Enquirer: 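I have a structure here, written as C-alpha cells, and I will follow up with some questions on it.
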Amino acid sequence: MSKIYVTGIGPGLYEHMTEAAKASLADADIIIGYKTYIDIIADLIGDKEVLSSGMRREIDRCEKALELAQQGKNICLVSSGDAGVFGMAGIMLEVVESKHSDIEVEIIPGISAANAAAATLGAPLMHDYVVISLSDLLTDWEVIEKRLHCAGEGDFVISLYNPKSKGRPHNIEMAQEILLKYKAPETPVGIVRNAKRHDESYVITTLKKMNEAEIDMFSMVIIGNSKTYVTRDQLKMITPRGYQL
C-alpha cells in the first residue's frame with residue numbers, strides 16, 4: 001500500500017531534523033512542498049521527483065499528493081517546523097477525509113518555530129504558553145483579537161507566529177496594544193529571526209519597545225509572563241517553572 005508522509009523538516013538546518021523525517025524523504029517516490037522548503041532540503045532529495053509550488057497553493061499540493069498516492073506512489077509532503085503546528089498536517093488529513101480515501105497518512109513531527117526560537121532565547125517557555133498566528137488570511141482578526149485578550153488575561157507566555165508582513169504591517173502593533181492592557185511594559189520579549197538557520201539573529205527587549213526591533217515573517221516573537229526575567233548578561237530569557245532554589 002502506498003502512503004503519504006506529512007513531514008515536519010524543522011527550522012532548516014539538517015542537525016535539527018529528526019531521523020524519522022530523513023527516513024520519510026528516503027522512502028518517498030515523490031516529494032511535494034512549498035518551493036522555499038524544498039530548497040532547504042535540496043541536498044537530501046537527490047534525484048527524486050519533486051513537485052513544488054508557491055504560497056497559497058496548500059490545497060492543490062494536498063490534492064496532488066493524494067492523487068499520486070492513489071496511483072501507488074509513496075509521497076512525502078514537506079512542511080517547515082512541525083507539520084501539525086500551522087503546517088500541512090491538518091489540510092492533508094481534511095483532503096483525505098473529504099475524498100473518503102483509505103490512503104494511509106503518517107504525520108512526522110518536527111521542531112516547531114516556537115521551540116527553535118525558545119532554545120535560542122534560553123528558557124522562555126518553561127511554564128504554560130500559547131501560540132497565536134497574527135495572520136488574518138484564514139482567521140478573522142476579531143477572533144485573533146479575542147485570543148490575544150484571553151492569553152493576556154491568563155498571564156500566558158505568548159509565541160506569535162506570522163507577526164508582520166508587508167500586507168499586514170499593523171497587526172503586531174495592535175497585538176502589542178492589546179497585551180499592554182494585561183502585561184507590564186517591562187515584560188521581556190524575545191524576537192528571533194531565522195531561528196536555527198545559518199543567518200539566525202535575535203534581540204531581547206520589552207513589550208513596550210518590541211516594535212522598535214526588526215520584525216518580519218521570518219521572525220518569532222515570544223512574550224513572557226509576569227514571572228519571566230532576563231539573565232544578568234541580558235542574553236537569555238527565563239520563565240521560572242516554580243522550583244525553589
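Predicted model, so just to flag it, every value in this text is computed and none were measured.
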Enquirer: Evaluate the side-chain proximity of Met17 to Lys22: yes if any heavy-atom separation is below 4.5 Å, no if none is.
Expert: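 Result yes, sub-4.5 Å side-chain heavy-atom pair found.
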
Enquirer: Can you sort out the partners of Glu214 under salt bridge (charged side-chain N to carboxylate O under 4.0 Å, His left out), two or more places apart, ordered by chain and number?
Expert: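 Glu214: salt bridge (charged side-chain N to carboxylate O under 4.0 Å, His left out) contacts with Arg193.
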
Enquirer: Are Val230 and Leu121 linked, directly or through other ILVMFWY residues, by side chains that come within less than 4.5 angstrom of each other?
Expert: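 Per the 4.5 Å side-chain linkage, Val230 and Leu121 are co-clustered.
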
Enquirer: Look up atom CD1 in Ile191 and atom NZ in Lys164, then write down how far apart they are to the nearest 0.5 Å.
Expert: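 With rounding to 0.5 Å, CD1 (Ile191) is 9.5 Å from NZ (Lys164).
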
Enquirer: Which donor-acceptor pairs under 3.5 Å do the side chains of residues 177-187 make with protein atoms, sequence neighbours left out?
Expert:
residue	atom	partner	partner atom	Å
Tyr182	OH	His149	ND1	2.7
Lys183	NZ	Phe156	O	2.8
Lys183	NZ	Gly224	O	2.8
Thr187	OG1	Ala184	N	3.3
Thr187	OG1	Ala184	O	2.7

Enquirer: Going only through I, L, V, M, F, W and Y residues with side-chain contacts under 4.5 Å, is there a path from Val96 to Ile30?
Expert: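 Yes, Val96 connects to Ile30 through the hydrophobic network.
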
Enquirer: Could you walk me through whether Arg147 and Thr139 satisfy the side chain to side chain contact (heavy atoms under 4.5 Å, CB included) test, starting with their C-alpha distance in whole Å, then the side-chain angles of each, then the deciding distance to 0.1 Å, before giving a yes or no?
Expert: CA-CA 11 Å; Arg147 291 171 179 169; Thr139 305; 4.1 Å; yes

Enquirer: So, the side chain of Ser133 versus the backbone of Ser135: is there a donor-acceptor pair under 3.5 Å, distance only?
Expert: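 Checked: pair present.
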
Enquirer: Which residues pass the salt bridge (charged side-chain N to carboxylate O under 4.0 Å, His left out) test with Lys64, not counting sequence neighbours?
Expert: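 Checked Lys64 against salt bridge (charged side-chain N to carboxylate O under 4.0 Å, His left out); matches are Glu67.
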
Enquirer: Answer yes or no: is there a donor N or O on one side and an acceptor on the other, between the side chain of Glu104 and the main chain of Ser2, under 3.5 Å?
Expert: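 No, because the side chain of Glu104 does not come within donor-acceptor range (under 3.5 Å) of the backbone of Ser2.
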
Enquirer: Flag yes if Ile222 and Leu134 sit in one hydrophobic cluster, no otherwise; membership is Ile, Leu, Val, Met, Phe, Trp, Tyr, and two members link when side-chain heavy atoms are under 4.5 Å apart.
Expert: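 Per the 4.5 Å side-chain linkage, Ile222 and Leu134 are not co-clustered.
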
Enquirer: Should the heavy atoms of other residues, nucleotides or ligands under 6.0 Å from CD of Gln234 be counted, would the total exceed 12?
Expert: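 Yes - once you tally the heavy atoms of other residues, nucleotides and ligands closer than 6.0 Å, there are more than 12.
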
Enquirer: Evaluate Met220 against Leu160 for side chain to side chain contact (heavy atoms under 4.5 Å, CB included), listing each step before the verdict.
Expert: CA-CA 6 Å; Met220 172 62 61; Leu160 296 179; 5.6 Å; no

Enquirer: Less than 4.5 Å apart, side chain to side chain, heavy atoms only: is that true for Leu25 and Tyr5?
Expert: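 When only atoms from C-beta onward are counted, Tyr5 and Leu25 do not touch, as no gap falls below 4.5 Å.
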
Enquirer: Mind checking the OG-OH spacing from Ser159 to Tyr129? Nearest 0.5 Å is all I need.
Expert: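 Separation between the atoms: 6.5 Å.
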
Enquirer: CG of Leu51 to CD1 of Ile38: how many Å apart, nearest 0.5 Å?
Expert: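 Reported value, rounded in 0.5 Å steps: 8.5 Å.
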
Enquirer: Quick one, Ile238 with Met126, criterion side chain to side chain contact (heavy atoms under 4.5 Å, CB included). Give me CA distance, side-chain angles, the key distance, then yes/no.
Expert: CA-CA 8 Å; Ile238 301 173; Met126 282 297 297; 5.8 Å; no

Enquirer: Kindly write out the residues that satisfy salt bridge (charged side-chain N to carboxylate O under 4.0 Å, His left out) with Asp29, not counting sequence neighbours, or none if the list is empty.
Expert: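 Scan of Asp29 (salt bridge (charged side-chain N to carboxylate O under 4.0 Å, His left out), adjacent residues dropped) gives none.
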
Enquirer: Would you indicate whether the side-chain heavy atoms of Met237 and Val189 approach each other to under 4.5 Å?
Expert: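 Side chain of Val189 against side chain of Met237, heavy atoms only: no contact under 4.5 Å found.
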
Enquirer: Can a side-chain donor-acceptor contact be found between Asn115 and Ser112 if the only test is distance below 3.5 angstrom?
Expert: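 Side-chain D/A pair, Ser112 to Asn115: present.
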
Enquirer: Can you give each donor-acceptor pair under 3.5 Å made by side-chain atoms of residues 70-88, sequence neighbours left out, with the distance rounded to 0.1 Å?
Expert:
residue	atom	partner	partner atom	Å
Asn74	OD1	Lys3	N	3.1
Asn74	ND2	Asp27	OD2	3.4
Ser79	OG	Met88	N	3.4
Ser80	OG	Tyr37	OH	3.3
Asp82	OD1	Gly84	N	2.7
Asp82	OD2	Gly110	N	3.2

Enquirer: Residues in side chain to side chain donor-acceptor pair (under 3.5 Å) with Asp39, at least two apart?
Expert: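 Once residues adjacent in sequence are excluded, the partners of Asp39 under the side chain to side chain donor-acceptor pair (under 3.5 Å) criterion are Lys35.
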
Enquirer: What heavy-atom pair brings Gly122 and Pro124 nearest, and what distance separates the two atoms?
Expert: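 Looking at all heavy atoms of both residues, the closest pair is C-CD, 3.5 Å.
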
Enquirer: Supply the atom-to-atom distance Leu66 CG to Lys99 NZ, rounded to the nearest 0.5 angstrom.
Expert: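 Result: 7.5 Å between the selected atoms.
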
Enquirer: May I ask whether Val131 and Val192 are part of the same hydrophobic cluster, defined by side-chain heavy atoms of I, L, V, M, F, W, Y residues being less than 4.5 angstrom apart, directly or through others?
Expert: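 Linked, Val131 and Val192 end up in one cluster.
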
Enquirer: Which heavy atom of Tyr161 sits nearest a heavy atom of Ala114, and at what distance?
Expert: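 Taking every non-hydrogen atom into account, OH-N, 3.2 Å.
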
Enquirer: Can you give me the closest heavy-atom contact between Met92 and Ala65, atom names plus distance?
Expert: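 Closest approach of Met92 to Ala65: SD-CB, 4.1 Å.
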
Enquirer: Rounded to the nearest 0.5 Å, how far does NZ of Lys208 lie from CD of Gln176?
Expert: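 Here the rounded value is 10.0 Å.
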
Enquirer: Counting only heavy atoms not in Glu15, do more than 12 fall under 6.0 Å of its CD?
Expert: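 Enclosed: over 12 neighbouring heavy atoms sit under 6.0 Å from CD of Glu15.
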
Enquirer: What heavy-atom pair brings Ile111 and Ala116 nearest, and what distance separates the two atoms?
Expert: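 Minimum heavy-atom separation between Ile111 and Ala116: CG2-N, 3.9 Å.
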
Enquirer: Between Asp136 and Arg168, is the side chain to side chain contact (heavy atoms under 4.5 Å, CB included) condition met? List the steps.
Expert: CA-CA 9 Å; Asp136 53 3; Arg168 47 182 184 277; 3.8 Å; yes

Enquirer: Shortest non-hydrogen contact from Val95 to Cys62?
Expert: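 In terms of heavy atoms, the two residues are closest at CG2-CB, 3.9 Å.
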
Enquirer: Is any side-chain heavy atom of Asp128 closer than 4.5 Å to a side-chain heavy atom of Val157?
Expert: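 Heavy-atom side-chain distance check fails, nothing below 4.5 Å.
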
Enquirer: Is the NZ atom of Lys48 crowded by more than 12 outside heavy atoms at less than 6.0 Å?
Expert: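 Yes - once you tally the heavy atoms of other residues, nucleotides and ligands closer than 6.0 Å, there are more than 12.
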
Enquirer: Can you measure from CG (Asp155) to OG (Ser226) and round to the nearest 0.5 angstrom?
Expert: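 Answer rounded to 0.5 Å: 3.5 Å.
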
Enquirer: Going hydrophobic residue to hydrophobic residue with side-chain gaps under 4.5 angstrom, can you get from Ile223 over to Ile144?
Expert: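 Same cluster: Ile223 reaches Ile144 through Ile, Leu, Val, Met, Phe, Trp or Tyr contacts under 4.5 Å.
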
Enquirer: Mind checking what makes side chain to side chain donor-acceptor pair (under 3.5 Å) contact with Thr228, not counting sequence neighbours?
Expert: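 Listed in chain order: Asn225, Thr239.
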
Enquirer: Compare every heavy atom of Asp216 with every heavy atom of Pro163, then report the nearest pair and how far apart it is.
Expert: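 In terms of heavy atoms, the two residues are closest at CG-O, 3.4 Å.
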
Enquirer: With sequence neighbours left out, what residues match Glu145 under side chain to side chain donor-acceptor pair (under 3.5 Å)?
Expert: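 Side chain to side chain donor-acceptor pair (under 3.5 Å) check on Glu145 returns Trp141.
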
Enquirer: Under a 4.0 Å N-O cut-off, is there an ion pair linking Lys209 with Glu212?
Expert: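 The answer is no: the pair does not qualify as a salt bridge.
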
Enquirer: For the residue pair Thr120 and Lys196, establish whether any side-chain heavy-atom pair is separated by less than 4.5 Å.
Expert: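 Heavy-atom side-chain distance check passes, below 4.5 Å.
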
Enquirer: Looking at residues at least two apart in the chain, or sitting in another chain, which of them share a side chain to side chain contact (heavy atoms under 4.5 Å, CB included) with Asp233?
Expert: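 Partners of Asp233 under the side chain to side chain contact (heavy atoms under 4.5 Å, CB included) test: Thr231, Leu235.
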
Enquirer: Side chains of Asn211 and Glu173 only: does a donor on one sit below 3.5 Å from an acceptor on the other?
Expert: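 No, Glu173 and Asn211 have no side-chain donor paired with an acceptor closer than 3.5 Å.
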
Enquirer: So, using side chain to side chain contact (heavy atoms under 4.5 Å, CB included) as the criterion, who are the partners of Asp199 when residues are at least two apart?
Expert: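 Asp199: side chain to side chain contact (heavy atoms under 4.5 Å, CB included) contacts with Asn194, Arg197.
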
Enquirer: Sequence neighbours excluded, which residues qualify as side chain to side chain contact (heavy atoms under 4.5 Å, CB included) partners of Ala20?
Expert: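 Counting only residues at least two positions away or on another chain, Ala20 forms a side chain to side chain contact (heavy atoms under 4.5 Å, CB included) with Thr18, Ile108.
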
Enquirer: Check whether more than 12 heavy atoms from other residues, nucleotides or ligands sit under 6.0 Å from atom CD1 of Ile59, and answer yes or no.
Expert: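 No, because the 6.0 Å sphere around CD1 of Ile59 holds 12 heavy atoms or fewer from other groups.
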
Enquirer: Residues in side chain to side chain donor-acceptor pair (under 3.5 Å) with Ser53, at least two apart?
Expert: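 By the side chain to side chain donor-acceptor pair (under 3.5 Å) rule, Ser53 matches Arg61.
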
